[in-house]
Protein chains: 2
Amino acid sequence: MTETARGTSHRYGTRPTMKDVAARAGVGLKTVSRVVNGEPGVTPDTERRVQEAITALGFRRNDSARILRKGRTASIGLVLEDLADPFYGPLSRAVEEVARSHGALLINGSSAEDPAREQELVLALCARRVDGLVVIPAGDDHRYLAPEIAAGVATVFVDRPAGRIDADVVLSDNFGGAQAAVAHLIAHGHRRIGFIGDQPRIHTAKERLRGYRTAMADAGLPVADSWVSLGPTAPDRVRAAATAMLAAPEPVTALFSGNNRVTVTAVRVLRDHPRPVALVGFDDFELADLVHPAITVVAQDSAHLGRTAAGLLFRRLDGIDDPPQRLELPTRLIPRGSGEIGPPEG
Amino acid sequence: MTETARGTSHRYGTRPTMKDVAARAGVGLKTVSRVVNGEPGVTPDTERRVQEAITALGFRRNDSARILRKGRTASIGLVLEDLADPFYGPLSRAVEEVARSHGALLINGSSAEDPAREQELVLALCARRVDGLVVIPAGDDHRYLAPEIAAGVATVFVDRPAGRIDADVVLSDNFGGAQAAVAHLIAHGHRRIGFIGDQPRIHTAKERLRGYRTAMADAGLPVADSWVSLGPTAPDRVRAAATAMLAAPEPVTALFSGNNRVTVTAVRVLRDHPRPVALVGFDDFELADLVHPAITVVAQDSAHLGRTAAGLLFRRLDGIDDPPQRLELPTRLIPRGSGEIGPPEG
DNA sequence: CCGGGATTTGACAACGTTGTCTAGGGGCTA
DNA sequence: TAGCCCCTAGACAACGTTGTCAAATCCCGG
């Protein structure tokens, strides 16, 4: 470490503390603290001297120490699958806005859909003593969180419920949305409808599958095994699944895609397909109205999910202590054309 | 605070400390510290006793205290415009991945393009003593950061340069990309080309405008005042600007849109326009290949920007101390059709 | 000019951890 | 068996802040 001054009279890499400010202003440590925090009981003159010392030294309060002393970090953690996913961006932003309005910062982590990584992140955040957690779970066993919750870390799960633990959760109506989507296709005359969804261990995928099956059953329609394909949302897998369904001897005449990533790939496959095939996708996405045909979707408002979850979290932090809640937000079917295509032979 | 035990033998909201663990295990405080941190010099037998006490009490190290003691927070801050913007999601994720590979967490904040809010966020992060900062500046004066940088907060600016301060910066080749985009339109026969961009105080908007003007000048083409419109990217504003350019007595026959938000609105306007109008957009976006016509874009790799910036940041944190760098990443023109439309009369 | 209450100020401990330093015990060598 | 060294273990201070409390100072009316 060099002794060279750099802008201030302090060693590079060493920040002045309240003690330094106090010495320079010729006052006590606590007085500096009072000035910094705008506490009452300081003469205008003293305050001015302290302020001068603060600017002269470039002092900035060390919040690490403050946090240690006060026991509150004024920060919350958000663990989600992938910040780069257009579904989670708005959710994340919404959580951030709520946090901001409560004076808290947001620490963010992507689990990459890996339960081990989720746990690692969550526990790292707990070690930082975040005041609360918003978690989009990747795993399905959250018992590891029980001691943390018991110790006072408010936790709200979003988009998918917690596993093997009783906690607040905010969900979309995945079942109802899927059911509506498939009913919509059935109403337009389809009888052979394929479903391409996410990995079956993911709650939303299961619920949407259930909605699909229920809608089919309600209409008295059978579901062939080959019409359902669950797995990773990687384009290759989805493309293969869609192609297979379309090439079968009794091909599906409509597709229900289980999330935005699947939908995008499905649109690409259908564009290159000779026959028109109807499509309804779960999740809205930008430009869904501009592709041809415009894509009919079941929209869920991810920002709303985030806002609701964060709101619930801060209610908890304010000490509201009712039993864990389960909130379910409605979805909305937005007909745009791709779902209104009838089956080939009428 | 209730005295009721909840899962452990501790008061709700009070976490056990190393002292508690030490007492329970019948060892000294420092021994617990050693076990927790995997330091050598502990008998297997002692270690086992400590581990037992840790599990029994549900102890988790308090990183706030650790941070205070060690002086490093193992976290970096990222301040950007809007986490919900599809351009920043991947950037953010890339920064996070690099941080993760260095064992650091990411604290995230959206400035909403408001300089005051940017400063507020940045200084809050400095108060938390983040080890480093990645900033997508909203303002154009960052002298307020000088004391922080001098005090050792590594800082890298991304997407736009810092104002009135000498610091590392990672940019896209906005000028070159814009120039290529407009040259592409000119090569397809256009002479009256409109430019709709972001607010002129934003660096990228200025650079793209400069690229536009240069390309026009290089081709010996005049630029009418009414062909250039800079301002907020709100759909209404963009729609009005585009409509005006298309309705003028000598209407533009092609549009160059200054970023992805502008492009999306432009596509909507052009879809409803009677004559075909060419379009090239700055920034690639999902489904750009699926709308009709497919949108020709100048792509910049936002994840690459993020990765590069974070990489540079951690080089700084590792003590590399060369003078501030300015890195410029190339952009790529992706012709897809919308830019290849010729002007109406040949 | 003095008593008394209000106001300003500072000394000190505490938050929970880690770095330093020293004590004690065990094993090895001469 | 004495002497040495190494290894384990713990006492203690320190990180920079805030809460508590007591001391010092001020202002006012009598």
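In the text below, chain A, chain B and the rest are named by the order of the sequence lines, each starting its count at 1. Since this is a predicted model, take the numbers as computed values, not measurements.
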Could you check B/Val27, B/Thr31, B/Val21 and say which one makes a side chain to side chain contact (heavy atoms under 4.5 Å, CB included) with B/Arg49?
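Of all the options given, the one that passes is B/Val27.
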Please name the residue in the list B/Leu121, B/Val156, B/Leu125, B/Ile149 that meets the side chain to side chain contact (heavy atoms under 4.5 Å, CB included) test with B/Leu133.
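Per the side chain to side chain contact (heavy atoms under 4.5 Å, CB included) rule, the option paired with B/Leu133 is B/Leu125, out of B/Leu121, B/Val156, B/Leu125, B/Ile149.
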For [X] and [N], is the shortest distance between a side-chain N/O and OP1 or OP2 below 4.0 Å?
| X | N | answer |
| --- | --- | --- |
| A/Thr46 | C/dT9 | yes |
| A/Ser33 | D/dT17 | no |
| A/Asn37 | D/dT18 | yes |

Polar pair under 3.5 Å, donor/acceptor by atom type, side chain [X], base [N]:
| X | N | value |
| --- | --- | --- |
| A/Lys30 | D/dG19 | yes |
| B/Arg69 | C/dT17 | no |
| B/Arg129 | D/dG16 | no |

So, A/Asp82 and B/Arg93, do they make that salt bridge, N to O below 4.0 Å?
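B/Arg93 and A/Asp82: salt-bridged.
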Which part of the nucleic acid, if any, lies within contact of [X], taking any heavy atom under 4.0 Å across all strands shown: a base, the sugar-phosphate backbone alone, or nothing?
| X | answer |
| --- | --- |
| A/Thr43 | sugar-phosphate |
| A/Arg34 | base |
| B/Ile67 | nothing |

In whole Å, what is the span from the [atom1] atom of [X] to the [atom2] atom of [N]?
| X | N | atom1 | atom2 | answer |
| --- | --- | --- | --- | --- |
| A/Asp63 | D/dT17 | CG | P | 9 Å |
| A/Arg72 | D/dG19 | CZ | P | 14 Å |
| A/Leu57 | D/dG16 | CG | P | 14 Å |
| A/Leu29 | D/dG16 | CG | C1' | 8 Å |
| B/Glu39 | D/dT8 | CD | C1' | 13 Å |
| A/Met18 | C/dA14 | CE | P | 20 Å |
| B/Asp20 | C/dC15 | CG | C1' | 13 Å |
| B/Asn62 | D/dC15 | CG | P | 19 Å |

Selection from C/dG10, C/dG16, C/dT17 that lies nearest to any side-chain heavy atom of B/Leu68
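Out of C/dG10, C/dG16, C/dT17, the nucleotide with an atom closest to B/Leu68's side chain is C/dG16.
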Return whichever of B/Lys70 or A/Val42 has its heavy-atom-nearest nucleotide of DNA chain C closer to the 5' end.
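Nearer the 5' end of the strand: A/Val42.
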Would you say A/Thr43's side chain and A/Asp45's backbone share a donor-acceptor pair under 3.5 angstrom?
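Answer holds: no.
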Flag, side chain of B/Asp168 to backbone of B/Gln325, donor-acceptor distance under 3.5 Å:
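Confirmed, B/Asp168 side chain pairs with B/Gln325 backbone.
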